[in-house]
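It should be emphasised that the depicted structure is a prediction, and the values quoted were computed from it without experimental measurement. The residues of the chain are indexed from 1 along the displayed sequence. Remember, it's 1-based here, ligands and their atoms both numbered in the order they're listed.
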Amino acid sequence: MISRVMSAELAEHAGQRVTIAGWVHRRRQLKSVSFLVVRDRTGLAQAVTARDLPGEESVVEVTGTVTASPQAPGGFELVAPEIEVLAEPCTAPPFDLYRPEPGATLPTILDHAPVALRHPRLRAPLEIAAAGVAGFRETLDGLGFTEIHTPKIVGSATESGANVFGIDYFGRPAYLAQSPQFCKQAMVGVFERVYEVGPVFRAEPHDTVRHLAQYTSLDAELGFVRDHRDVMAVLREAMAGMLESVRRRAASAAALLGATLPEVPAEIPAIHFTEAQRLTSSEEPDLSPAQERRLSEWALREHGSEFLFVTGYPMAKRPFYTHPDPARPGYSNGFDLLFRGLELVTGGQRLHAYADYVAALAARGEGTEAYEGYLQAFTYGMPPHGGFALGLERWTARLTGAANIRQVTAFPRDLHRLSP
Ligand code: AMO
C-alpha cells in the first residue's frame with residue numbers, strides 16, 4: 001500500500017513531502033504557472049506546478065511538499081509536485097464537475113450517473129443516506145435488535161398483488177419482494193427484535209417524483225409490544241439516531257446542500273386518522289399527497305414538529321396482516337409517519353394468532369395456500385408484535401430538499417430507466 005495522505009489532512013503534514021491520489025477535478029494553466037486541483041474521497045487539494053497538466057477526471061498520484069497557501073482549498077497546497085497519471089479518461093464528462101452547480105438537467109445527470117455522481121453536490125445526498133443508514137443500524141443494535149437478510153425472490157406478494165414484478169423462477173412463477181414483511185415477522189419468533197436494510201421492488205405504473213421501481217427499505221420488527229405505540233417509540237429513536245449520525249458523519253455534505261436537519265421531538269405528535277380527515281375536511285378512506293402536506297403544515301404550526309404520526313388507518317386500506325384497533329371497529333393499529341409533507345414510514349401492530357390470519361385472508365376472499373410458508377411461524381407461537389418500514393430515498397430527499405427522489409438515488413429504476 002502506498003502511504004497516501006487524504007486531501008483533508010494536508011494541514012497535519014505542513015512542510016512534509018506527501019503523496020495524495022484522486023481525480024483531476026480542475027486544471028488551470030496560466031502563462032507561467034499551472035494549478036491542479038485533485039479530488040479524493042475527503043475533498044480537494046491543490047498542487048502548483050509549471051508543467052502541462054493531465055485532463056480533468058484523469059486519475060493521478062501527486063507527490064509534493066505541503067505549503068501554506070490561503071487561496072488553496074483547505075489553506076494548504078502541494079508545491080514542486082511529481083505527477084503520475086494512473087489512468088486517463090476516454091471522454092470528457094458531460095458537464096464541468098468543478099463548477100459549484102452541476103448545470104445539467106436531471107436526465108443528463110442520470111444518463112451519465114457514473115461520472116455525474118462525482119460532482120460534490122450530487123455525491124452529497126448519497127453521503128447523507130449512508131450516514132443515515134449507519135445511524136439506523138447503530139440505534140437498533142443498541143436496542144437489542146439483530147440485523148437480518150431475507151430473500152428478494154419470493155413466492156407470494158406481501159403488500160398487494162397490484163404492483164409486484166413477476167419473474168420466471170426455474171419455470172415457476174415467482175416475484176421480486178415488495179417488502180421483507182413476512183420474513184421479518186417470522187424472524188421475530190427467532191430474535192424478538194430484527195431489522196433489515198435492503199432493496200425492495202415495486203412495479204409502480206406511475207411516473208411520480210416520490211416513487212421508484214426499486215428503493216432501499218429500512219425495516220424493523222419487534223415482539224412483545226403492547227400495541228403500535230411501542231413500535232412508534234422505537235421508530236422515534238431510530239429517526240433521532242439517523243439524524244444524529246448525519247450531524248456526526250456527513251456534516252459537510254449537509255452544509256454543502258444547505259440542508260436543515262430537523263429536531264425530533266421527545267414525543268412525536270400523533271393524531272388519529274379520523275382527526276386527520278377532520279383537519280383536512282375529507283371523508284376519503286386514505287390520505288392524498290395534498291392532505292399529507294396540509295397535515296405536516298398543521299403539525300409544524302400547532303406542535304412545532306416536522307414529524308407527525310397518523311394512527312388508526314381504516315382496516316380496509318391496510319394489508320391483511322394488520323392488527324385491528326380493539327376499541328374502534330373498522331380502524332387499525334397501523335400508522336404512517338409524515339415528514340415535511342410526505343409519507344415517510346408505514347408501520348403498525350400485526351396479527352399474531354394463526355386463526356386471525358386465516359380469518360383475515362378469508363374476509364378478503366383469499367385462501368391460505370399462497371401464504372403457507374409464511375403462516376407457519378404463527379402456528380408455532382408468536383408474541384404480539386409490530387414494525388415499520390422507512391423509504392431511504394424519501395428520507396434523503398426530504399432532508400436535502402430534493403424535489404425528485406431520483407436526485408438522491410445513484411442509479412434510479414423507474415418506468416423508463418433501466419441503465420445505467
Ligand atoms: P409501504 O408499502 O407503505 O409499507 O412502504 C413503506 C415505505 O416505503 C417507501 N416507499 C417507496 N419509496 C420509493 N418508491 C416507492 N415506490 C415506494 N413505495 C413505498 C415509503 C413508505 O412509507 N410492509 C410495509 C411496512 C411495514 O408495515 O412494516 C410496507 O412495505 O417511504
Nearest-neighbour protein heavy atom for atom 27 (O) of ligand 1, which is reported as residue plus atom name and distance: R350 NH1, 2.8 Å
is_close_aromatic(F201, F165), centroid dist under 6.0 Å: no
Mutual orientation of the aromatic rings belonging to F307 and F339 [parallel < 30°, tilted 30-60°, perpendicular > 60°]: parallel
Residues in ring-ring contact (aromatic ring centres under 6.0 Å, His included) contact with F378, at least two apart in sequence or another chain: Y357, Y374
Top protein contact for atom 2 (O) of ligand 1, by heavy-atom distance: R202 NH1, 2.8 Å
Protein contact of atom 8 (O) of ligand 1 - nearest heavy atom, named by residue and atom, plus distance: Y215 OH, 3.0 Å
Protein residue, atom and distance nearest to atom 21 (C) of ligand 1, heavy-atom basis: E343 OE2, 3.1 Å
Residue part near ligand 1, for R210, under 4.0 Å between non-hydrogen atoms: backbone
Flag side-chain contact, heavy atom, 4.5 Å: E244 against R248: yes
Non-hydrogen atom of E204 closer than 4.0 Å to ligand 1: yes
Q178, any N or O under 3.5 Å of ligand 1 N or O: no
Protein contact to atom 29 (C) of ligand 1 [nearest heavy atom, distance to 0.1 Å]: E159 OE1, 3.6 Å
Close approach, G347 and ligand 1, non-hydrogen under 4.0 angstrom: yes
R364 to F320, cation-pi by 6.0 Å centre distance and 45° axis angle: no
Region of F388 engaging ligand 1 - heavy atom pairs below 4.0 Å: backbone
Heavy-atom nearest option to atom 4 (O) of ligand 1, drawn from T346, T216, N163: T346
Aromatic centroids of F95 and H112 separated by under 6.0 Å: no
Nearest neighbour in protein (non-hydrogen) for atom 23 (N) of ligand 1: Q181 OE1, 2.7 Å
